[in-house]
Amino acid sequence: MSRHLKTYPAPRFWPIKIKKHEFVIRPNAGPHRLVNSIPLGIVLRDVLGFAKTVSEAKRILAEGKVLIDGKVKVDYKLPVGLMDIIYLKPANAYYRVLPNNVNELALMKISAEEASFKLSRVTGKRLLKDKKAQINLHDGRCVVVDVSDSFNVQIPYRLMDAVKLSLPDGQILEHVPLEAGTYASIIGGTKIGKFGTIKEMPKSRSPNQLATVAIGDTETTVMLKYLFPIGKESPIININGEVT
């Protein structure tokens, strides 16, 4: 894989000027894929305007002034993606990365209380020894749960469900299933950035199957792979805050 990334083939939702520079920051391997993330250096310089140059962004990170999901990060090439929590110490400001119908990914300002947790989507599951199960999440995390525990024994943790995690330790606080009645965020397709209630689920949980979703007074169909559960009947995260 090349260490460099030219500006033109970079994801179109990155807020960069194609004709101004030939090269742009290429994210390192990390919790999110290149096409679904923004390098932390670009977030600080181009999205939030917290730095004027990449050098300034590097210095800010080196001083430990930026936290992602409750942990200090110093890599300006770190890929930041969906549902990540960003904290800027000098501004004392918290942001959650959410889908957006204009830029695909946007930062929404949230409170310190809401920044104490994040939502992660289940991408896989496998059984381990001693009645343990490993839950793989969309942000690269792997959470091991005791399936004999009373909290987990009746929870299936199915593919495309979501879990509420405490930060920074990443403990599961709540399970949000992908089912009828769940409030979901649409993270892809023509309805990206919209929120609504799942009215009807298909019989199969294949990612390309269509679910019926009520967005306001309108009902539409959305592929399951584009639905991210964010609450049972109502959202447990702020979806009406200031968007950057």
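Here side-chain hydrogen bond (donor to acceptor under 3.5 Å, both in side chains) pairs that include residues 108-117, with residues two or more places apart or in two chains, are Arg96-Glu114. Identified under the side-chain hydrogen bond (donor to acceptor under 3.5 Å, both in side chains) test for residues 201-215, with sequence neighbours left out: Asp161-Arg205, Asn208-Lys225.
Here the shortest heavy-atom pairing between Ala51 and Ala57 reads CB-N, 3.6 Å. Nearest approach of Met108 to Asn238, heavy atoms of both residues: SD-O, 3.2 Å. The shortest non-hydrogen separation linking Pro229 to Ala162 is O-CB, 3.4 Å.
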* **side chain to side chain contact (heavy atoms under 4.5 Å, CB included) between Val143 and Val163, worked out** => CA-CA 10 Å; Val143 181; Val163 290; over 6 Å; no
* Asked: Given Leu165 and Leu137, is the side chain to side chain contact (heavy atoms under 4.5 Å, CB included) satisfied, shown in steps?
  -> CA-CA 11 Å; Leu165 301 176; Leu137 304 175; 3.7 Å; yes
* Check against side chain to side chain contact (heavy atoms under 4.5 Å, CB included), Ile110 and Ile85 -> CA-CA 9 Å; Ile110 59 174; Ile85 303 296; 3.8 Å; yes
* To do: Decide side chain to side chain contact (heavy atoms under 4.5 Å, CB included) for Leu61 and Asp75; before the verdict, give the C-alpha distance in whole Å, the side-chain angles of both, and the deciding distance to 0.1 Å.
  => CA-CA 7 Å; Leu61 291 168; Asp75 182 10; over 6 Å; no
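A donor-acceptor contact shorter than 3.5 Å links the side chain of Thr182 to the backbone of Pro177.
Atom CD1 of Ile60 sits about 8.5 Å away from atom CG of Leu88, to the nearest 0.5 Å. How far NE2 of His138 is from CD1 of Ile187: 7.5 Å, rounded to the nearest 0.5 Å. Taken to the nearest 0.5 Å, the CD1 atom of Ile172 stands 6.0 Å off from the CD1 atom of Ile135. Put simply, OG on Ser185 and CZ on Phe195 are 4.5 Å apart, with the number rounded to the nearest 0.5 Å. With values rounded to the nearest 0.5 angstrom, Ser120 atom OG is found 7.5 Å from Asp69 atom CG. To the nearest 0.5 Å, atoms NZ (Lys71) and CG (Leu167) are separated by 9.0 Å.
Taking the side chain as every heavy atom from C-beta outward, Leu40 and Lys73 approach each other to under 4.5 Å. You'll find the side chain of Ile86 stays beyond 4.5 Å of the side chain of Leu67, heavy atoms only. Contact annotation: the side chain of Asn100 never approaches that of Leu98 to less than 4.5 Å [non-hydrogen atoms, C-beta and beyond]. Under the 4.5 Å side-chain criterion, counting only non-hydrogen atoms from C-beta, Ile25 is in contact with Tyr76. In this structure, the side chains of His175 and Tyr157 come closer than 4.5 Å at one or more pairs of heavy atoms. Looking only at side-chain heavy atoms (C-beta outward), Thr244 and Leu48 come within less than 4.5 Å of each other. Under the 4.5 Å side-chain criterion, counting only non-hydrogen atoms from C-beta, Glu56 is not in contact with Phe50. Side chains of Leu82 and Leu105 form a contact here, defined as non-hydrogen atoms less than 4.5 Å apart.
Judged by the 6.0 Å distance and 45° axis criteria, Lys164 is positioned over the aromatic ring of Phe117.
For the residue pair Asn136 / Thr123, no side-chain donor-acceptor distance below 3.5 Å is found, with atom types taken as modelled. Neither side chain, Tyr95 nor Asp84, offers a donor N or O lying under 3.5 Å from an acceptor on the other.
Cluster membership check: Val97 shares its hydrophobic cluster with Val35, using side-chain heavy-atom separations under 4.5 Å among Ile, Leu, Val, Met, Phe, Trp and Tyr. Under the 4.5 Å side-chain heavy-atom criterion for Ile, Leu, Val, Met, Phe, Trp and Tyr, Tyr87 and Val243 are members of distinct hydrophobic clusters. Note on Phe228 and Ile192: separate hydrophobic clusters, where clusters join Ile, Leu, Val, Met, Phe, Trp and Tyr whose side-chain heavy atoms are under 4.5 Å apart, directly or indirectly. Hydrophobic cluster membership is shared by Val72 and Tyr94, with clusters built from Ile, Leu, Val, Met, Phe, Trp and Tyr side chains linked at under 4.5 angstrom.
If you chain together ILVMFWY residues whose side-chain heavy atoms come under 4.5 Å of each other, Leu159 ends up grouped with Met160, Leu178, Ile186, Ile198, Met201, Leu210, Val213, Ile215, Val222, Met223, Leu224, Tyr226, Leu227.
Here Asp139 pairs with Lys118 in a salt bridge; the nearest charged N to carboxylate O distance falls below 4.0 Å.
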